[in-house]
Every structure is written in structure tokens, then in C-alpha cells.
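Single-structure report; data block below.
Heavy atoms only: backbone and side chains are in, while hydrogens, waters and symmetry mates are out. Along the sequence shown, the residues carry numbers beginning at 1.
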Amino acid sequence: MKKMLFAMITTAMILSLSACGSKKAQSAYDAIGSMFFSDESILTADEQARFRDMKLRREDALEKKDTGALEALKSEWEAFSAPIQEVIRLYQEAKDEFFTDEEKDDLTDEERSTAEDLEGKIRDLYQKRDEAGMKDMIRMYRKYGQPIREIIRTYKNMDFSAFSSSDRNLMDEEEKTEMQDIFDHAREALGNRDLSELESLGRVWSGFVSDTKDEIENTKSDILNQWLDSANLTSSLTNLLSLGTTTTSTGIHGHTITITTQYTAQANASDEQIKNALESYLGLTSYVFQSGVEYLQQYVDDVCIRVEYRNADGNLVASRDFN
């Protein structure tokens, strides 16, 4: 009995030590981290062989629970990978600053040729793992490319699509001439790569857009009001199909004209009957609203005419938008 108990205790101790060894080995294995290069093409044949050997030794050491070997491998891996990883990081950082294909469309032929020549030299130095040469060439690329990129960005920040075609219909000739003058000077400054002039024109354009849009918005309000007055939408036509006493009111909110007919007494009419009354009314008048929208869209591209019926409680029963 005592021998059996001793054997059980001994076995438990062995298993415990084994589990402890496995845990330590796993921790040492994990501490090495990811053995990975995002670009293995710059490794020499000897380095590739060594890299494969290190990964195999790592798995073997874990299987054998050789914590010492794993700890030694960690130091070896860090010394081996650090300079290679730094070159890869440096190149990736440089690539992030290369002109995109879209940006190159905005370059002159000479600028594009110069940029691509510099990019090619950086790639060659990367393949040679010439870290110092890469840093010098990257500085040269930044010095060349950043001013051009800033000039193009400044030009594109001038939103020349700020006015729709309907907005332009509301501009007077002086405003159209001023807008075209800014366009022409901006294109000239872009061609001359004149950042100072573009920044100045950007401020002029911003002020022009703000002032002109305010004037256009006032003109749009006037046009909507004039159309509403001339359409005479509060006439007795609204009452032809009413089911009781009604009042009709109109209002303009933004670019939406709202014509509201509300029952003050419904003569026992249900909401469904009121809804049908609106449909009948629009059967006679929808052409007025649709032609009104078509006319107004020449000047207000997002205009909407809303016709709505409300019951005596003021609740909306039915409506239709024309836009």
C-alpha cells in the first residue's frame, strides 16, 4: 500500500514538473513574437536559409520544452531581423509619400518623369539595403514632391463646382465675369506652380462664393414667392371638392412650397373621405403643380411643391409632393 501511494505521489510530481516545463517553454516561445518579414524579396539566399532554420529550431525547441534554446533564439532573432525590418519600414514610409496614379495625372510630363525617376532610385537602394542612401533619396523626394503636392491640393480646395447650373442662371453678367476671371487666374497660377497666388485666389473665391450664394438664395426666395402669388392657389377651386368648411394656407420653408387645406368642420366626413377628396382635387389641378415645378427648377433645382389635407383636429390626412 505504501509503495503504491509513493508511486502515485511520484507520478503526480513528474506530471506537475512536466506541465510547468511546458508552460515555461510556451511562454518563451510566445516571447519571440511573430517571425515574419512583410517583404522577403530583399533577403539574400543565405538569409533566407537562416530564416527557415530559425523557424524550424523554434518549433523543435518548443516540442522538446527547451526553454533555454528558445530564450537564446529570441536574442538571435532580434539581432537578425531588426536591421532588415528597419529597411522595410523605411521603404514603406517612402512609398506612402509617393505620388498616387491619380495625383500623377495632375503633374506635367517633366514633373511625372522626375518623380518616377526618384521613386525608381529609392526602389533600387531598397533592394540593395542601402539604408543611408535611401534616407538621402527620400529627403530629396520630399523636397521635390511636397511643394508640388501642396500647390495641387490648394488648387483643388477651390471648389469650382460650388454653383449648380440653376445657380448660374440667377447670376448677373458681372458675377459670371468675375467667376470666370477667378477660374482663369487660378488655372494660370496652377500652371506657374505659384502657391502664393493660389492661396490668395482661394481667399477671393471663398468670399465670392459666400456673397454670391447669399444673393442667389434671396433671389430664389423671391422667385418662389412670385410664383406662389401668381398661381392663386387659395382660390375657391380648393373648396370645390371639400366635405365641409375649409381654409387654405400657403407657406415656403427653404425650397419647399406647402399648400395646406384644413377642415374647420368636417360635416361627418371621415379621414378616408378627406384623402379621396385630395385625390379628386389633384386630378383637376396636378398639372398646375407639375408645370410650376418644371418652371421653378430652372432657378431652384431642389424645389418641391407639397399639397396636404388636414382634418379638423389639424392632423395630416394625406399629402403629395411634386418635385
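- Remark: of the listed residues Thr247, Asn315, Thr260, Thr260 is the sole one forming a side chain to side chain contact (heavy atoms under 4.5 Å, CB included) with Arg310.
- Salt-bridge formation is not detected for the pair Arg58/Glu76: no Lys NZ or Arg NE/NH1/NH2 atom is positioned less than 4.0 Å from an Asp or Glu carboxylate oxygen.
- Side-chain contact, Gln226 with Asp222: no donor N or O sits under 3.5 Å from an acceptor N or O.
- Taking Leu195 as the reference, Glu150, Ile151, Thr154, Glu199 meet the side chain to side chain contact (heavy atoms under 4.5 Å, CB included) condition, with sequence neighbours excluded.
- For Glu131, the side chain to side chain contact (heavy atoms under 4.5 Å, CB included) partners are Glu86, Val87, Leu90, Lys135, not counting sequence neighbours.
- A distance-only check finds a donor-acceptor pair linking the side chain of Ser291 to the backbone of Tyr287 [under 3.5 Å].
- The shortest non-hydrogen separation linking Asp271 to Asn311 is OD1-ND2, 3.3 Å.
- By the 30° and 60° cut-offs, the orientation of the rings of Tyr126 relative to Tyr91 is parallel.
- Every residue two or more places apart in sequence or in another chain was checked for a salt bridge (charged side-chain N to carboxylate O under 4.0 Å, His left out) with Asp96, and none qualifies.
- Evaluation of the side chain to side chain contact (heavy atoms under 4.5 Å, CB included) rule for Asp167 yields Phe163, Ser164, Lys213, Ile216, Lys220 as partners, not counting sequence neighbours.
- Under the rule for a salt bridge (charged side-chain N to carboxylate O under 4.0 Å, His left out), the partners of Asp136 that lie at least two apart in sequence or sit in another chain are Arg139.
- You'll find the side chain of Tyr155 stays beyond 4.5 Å of the side chain of Asp106, heavy atoms only.
- Listed by first then second residue, pairs satisfying ring-ring contact (aromatic ring centres under 6.0 Å, His included) with a partner in residues 39-66 read Phe37-Phe51, Phe51-Trp77, not counting sequence neighbours.
- The side-chain heavy atoms of Glu308 and Val317, taken from C-beta on, include no pair separated by under 4.5 Å.
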